[in-house]
Amino acid sequence: MQNISKLEGHENEVKAVAWSPCGNFLATCGRDKSVWFWERGLGDEYDCMDVKHGHSQDVKSIAWHPSRELLASCSYDNSIKLWANDEADWVCVQTLEGEGEGYGGLDVQMMCGWIGWVCVQTLKSKGEGAAVGHSSTVWSVAFSRDGRKLASVSDDCTLRVWSVEWSEGCPPEPHCSLAACISGHHSRCIFTVDWSAQGLIATAAWECLCSVQQAHDADVNCVRWHPSRQGLLASAGDDGLVKLWQYKGLGQAAAQQ
C-alpha cells in the first residue's frame with residue numbers, strides 16, 4: 001500500500017475521518033476541538049475548505065448523510081452538531097437544547113455575508129427537566145441508510161435515535177428531533193454505533209435482537225455493518241483484534257413483523 005497524500009493541519013490527535021457520499025469531500029475531526037472540511041483538487045491533492053471550532057471539547061466522531069451535503073459531529077462536550085454547505089448570503093443557524101418539558105427552546109440566529117460550512121443545529125442536554133440530548137460524552141453518530149434517522153451513543157449508556165426532516169425552503173434546511181431514547185441494555189459507556197442496510201442498529205436496535213457478552217477482552221471501539229452482505233458485522237477492540245460476526249436472526253425478525 002502506497003501513501004499518496006498527507007493532509008496536515010490538526011494540532012494533535014485526529015479522532016475520525018469520513019468521505020462524503022460523492023467522494024469529493026473529506027471530513028476530519030480531532031482532539032483540538034475542530035472539524036475540518038477538505039475538497040479534492042488536482043490529482044490526489046486535497047485543499048482545506050473550512051475549519052470549524054463549534055465544539056468546546058474533543059470531537060470524537062463524524063458521519064455524513066448518505067445523500068446530502070450534511071455532516072454530523074459529536075463531542076466530549078456532550079453535544080451533536082449538524083454542519084451544512086450553504087452558499088446563501090443569509091444563513092439561519094438553529095440551536096436545539098433540551099430544557100424543561102418537551103423539547104425546550106429553539107434559538108434561531110441570523111448570519112449575514114458568510115459563505116461556507118455552517119452549524120445548522122446543535123443537539124444538547126441543558127439544565128434540569130426532560131433532557132433531549134445526551135448527558136455525557138457523545139462517542140459516535142451514524143445516519144440510517146435512507147438518511148431519515150440519526151443514531152447517537154454516549155457515555156451516559158443510552159442510544160438515542162433522531163428523526164431527520166428537511167424544510168421546503170430553498171435551499172432546504174435539516175432539522176432533527178428526538179424519536180427514541182433506549183437505555184438499560186448497556187452498563188458501561190457505548191463507544192460506537194452503526195446502521196445496517198436492513199435497518200438494524202449495532203450496538204443496539206429498536207428492540208434488543210442480539211447481545212454478545214465479552215465479545216472482546218477489552219473495550220470495543222468500533223462496529224460496522226457490511227454494506228451488502230446481510231447480517232455481517234465487524235468489531236474492533238482495545239485487545240488489538242478485529243472480529244467478524246454473522247447475525248442469523250434477520251429472517252426470524254422479519255417474519256415477526
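This one's a predicted model, so the numbers in the text were calculated from it and none came from an experiment.
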Does CZ belonging to R31 count more than 12 external heavy atoms closer than 6.0 Å?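 It does not: R31 CZ has 12 such atoms or fewer within range.
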
Would the number of heavy atoms belonging to other residues, nucleotides or ligands and lying under 6.0 Å from CZ of F37 be above 12?
->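 Yes - once you tally the heavy atoms of other residues, nucleotides and ligands closer than 6.0 Å, there are more than 12.
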
Under 3.5 Å, is there a donor-acceptor pair linking the side chains of [X] and [Y]?
{"X": "S167", "Y": "H175", "result": "no"}
{"X": "S73", "Y": "W83", "result": "yes"}
{"X": "H134", "Y": "N78", "result": "no"}
{"X": "T28", "Y": "W38", "result": "yes"}

- [ ] Start with the C-alpha gap between Y76 and K60, add the side-chain angles, then the distance that decides, and say whether side-chain contact (heavy atoms from CB on, under 4.5 Å) holds.
- [x] CA-CA 7 Å; Y76 191 74; K60 298 297 187 183; 4.1 Å; yes

From CA spacing to verdict: side-chain contact (heavy atoms from CB on, under 4.5 Å), F25, M49
CA-CA 9 Å; F25 302 117; M49 302 167 56; 3.4 Å; yes

Practice problem: Give, for atom CD1 of I62 and atom NZ of K81, the distance between the pair rounded to the nearest 0.5 Å. | Solution: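 Going from the CD1 atom of I62 to the NZ atom of K81 covers 15.0 Å.
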
| task | With side-chain contact (heavy atoms from CB on, under 4.5 Å) as the test, would you mind laying out the steps for K6 and E8 before giving the verdict? | result | CA-CA 6 Å; K6 181 169 64 174; E8 298 179 314; 3.5 Å; yes

Shortest non-hydrogen contact from V141 to C74?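 For V141 and C74, the tightest heavy-atom pair comes out as CG1-CB, 3.9 Å.
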
field: Exercise: identify the closest heavy-atom pair between S61 and A16
entry: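 Taking S61 first and A16 second, the nearest heavy atoms are CA-CB, 4.0 Å.
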
Practice task
Measure from NZ or CZ of R148 to the centre of the six-membered ring of W162, then state whether that distance is under 6.0 Å and the direction lies within 45° of the axis.
Solution key: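 No, a cation-pi geometry is absent between R148 and W162.
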
### Query
Would the H10 and W36 ring centres measure less than 6.0 Å apart?
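Yes, the ring of H10 comes within the 6.0 Å limit of the ring of W36, centre to centre.
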
